[in-house]
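Proteins get letters first, then strands, A, B, ... in listed order; numbering begins at 1 in each.
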2 protein chains.
Amino acid sequence: MPAKPRAASSAPPDNRRADLVRVAARLFREKGFDGTTIRDIAHAVGMRSGSPFYHFANKHELLMAVMEEGLPAAERLRRLVRTHYGILHDTGSDFIPVMLYDWRSLPAQYKRRIIELKDRYDAIWQRTLDELHAQGLLRADAKLARLMILGAINFSATWYRAKSRSANRVGLDELAAQTIALVLHTP
Amino acid sequence: MPAKPRAASSAPPDNRRADLVRVAARLFREKGFDGTTIRDIAHAVGMRSGSPFYHFANKHELLMAVMEEGLPAAERLRRLVRTHYGILHDTGSDFIPVMLYDWRSLPAQYKRRIIELKDRYDAIWQRTLDELHAQGLLRADAKLARLMILGAINFSATWYRAKSRSANRVGLDELAAQTIALVLHTP
DNA sequence: CCTACCGATCGGTAGG
DNA sequence: CCTACCGATCGGTAGG
């Protein structure tokens, strides 16, 4: 197990490790884990074939480092999705369904204020989705993805019934999980 | 290039090739193309390591055979999605939006007839999604996937404007393609 | 479809 | 972080 490289120097510190993680992420996405060799990764950052093992004990530890970078954004999306389902279906909150379906009846003056709130909410989603897209976990255009995902969730107001009904015996946790499964391209 | 095996026999004909394709599909899904060896595939159907090359010139031809089996269902979904967007937004057809949003105003008697039509339509989607799910191209539960995908498309009635507007400068072909990209886990 | 095998590549290591 | 290298595995082939 290697300790820190050079002790005291003014030159670039050890972003070499970060370089490896970033390049590995790109190559794993392009060619898959097994399709990418340590040699590919090493040469892409200007190292020789054996050198990455100075930073990582083996290839799988490199994969772990890559995946750990992707987890925060995925977890954030999971929470956004779950929360939105919750707003829609939990505790008989009728506010959102009304907003979704009787939106047109609102005078322009009030509409503007609602739009402002909605824009702020959308921005949170967009940041998360942009990040996931950059990491290759979201295959569609991030902006359209936001519209489609929120559309899918919002439309559940049409068919989801929390307690009653037949085949809809799905909890909100499960529903959120399935939405993520549908939409997130995790390897 | 091999010709047909045995000439005239009553025993099982050459489903050996089909066996290879089916098993390869499963293993490629589980472990990826590069993570699956010809030896894995051969042994899984009770052959020795070199024998698959009697049926396929090389490993990539096996991959091609697997993918060709997945294409029909994916293409069918692509058409369903594109057609549904078309119904929603093309040629100023207001029928579907009205049905989506003023559904409640319909007396039960008429509702039943509409439901019957809708059930038939849903069944077409369901068959396609079931198939894609079985092939690992759809990661969510197939029934929920149908609800979510149709939800995402239907909700576009809320934000998509064919000709006017600013950022929505997306054609229906592009929109359909992005929906597929979001939802289908193609390698 | 099997036996026996080859050349190439890959993950990983020793020693500096 | 480099040089030099090893053992194992893999895709593919010859000959039957």
Rounding to a whole Å, what distance do you find between [X]:[atom1] and [N]:[atom2]?
X     : N      : atom1 : atom2 : answer
A:M47 : D:dA4  : CE    : C1'   : 19 Å
B:F53 : C:dA4  : CZ    : C1'   : 15 Å
B:K59 : D:dG11 : NZ    : C1'   : 8 Å
B:R48 : D:dC10 : CZ    : P     : 16 Å
B:K31 : D:dT9  : NZ    : C1'   : 13 Å
B:N15 : C:dC1  : CG    : P     : 9 Å
A:D34 : C:dT9  : CG    : P     : 17 Å
B:Y54 : D:dG16 : OH    : P     : 17 Å

CA sep, side-chain torsions, deciding dist, call: A:D141, B:L182, side-chain contact (heavy atoms from CB on, under 4.5 Å): CA-CA 8 Å; A:D141 169 85; B:L182 180 70; over 6 Å; no
Angle by which the axis turns from one end of the helix from C:dC1-D:dG16 to C:dG16-D:dC1 to the other, five pairs per end, to 10 degrees: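 Answer for the end axes of this duplex: 0°.
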Per B:S49 side chain, nearest of listed nucleotides D:dC1, D:dG12, C:dG12: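 From the listed options, D:dG12 comes nearest.
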Among D:dC1, D:dG12, C:dC1, the nucleotide that comes nearest once only the side chain of A:H55 is considered: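 Closest nucleotide to the A:H55 side chain: D:dC1.
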side-chain contact (heavy atoms from CB on, under 4.5 Å) assessment of B:E61 paired with B:H55: CA-CA 10 Å; B:E61 296 233 0; B:H55 296 278; over 6 Å; no
From CD1 (A:I41) to CG (A:D19), nearest 0.5 Å: 12.5 Å
Distance-only polar pair, side chains of B:Q178 and B:E174, donor-acceptor under 3.5 Å: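 The answer is yes; a qualifying pair exists.
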Polar side-chain atom of A:H133 near backbone of A:L138 as donor-acceptor pair, under 3.5 Å: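 Yes.
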Backbone of A:L77 reached by a side-chain donor or acceptor of A:T128 within 3.5 Å: no
Validation row: B:H84, B:W125 side chains within 4.5 angstrom (heavy atoms): yes
Touch class at under 4.0 angstrom, heavy-atom based, for A:T37 against every strand present: sugar-phosphate
side-chain N/O A:R39 vs C:dT9 OP1/OP2, d < 4.0 Å: no
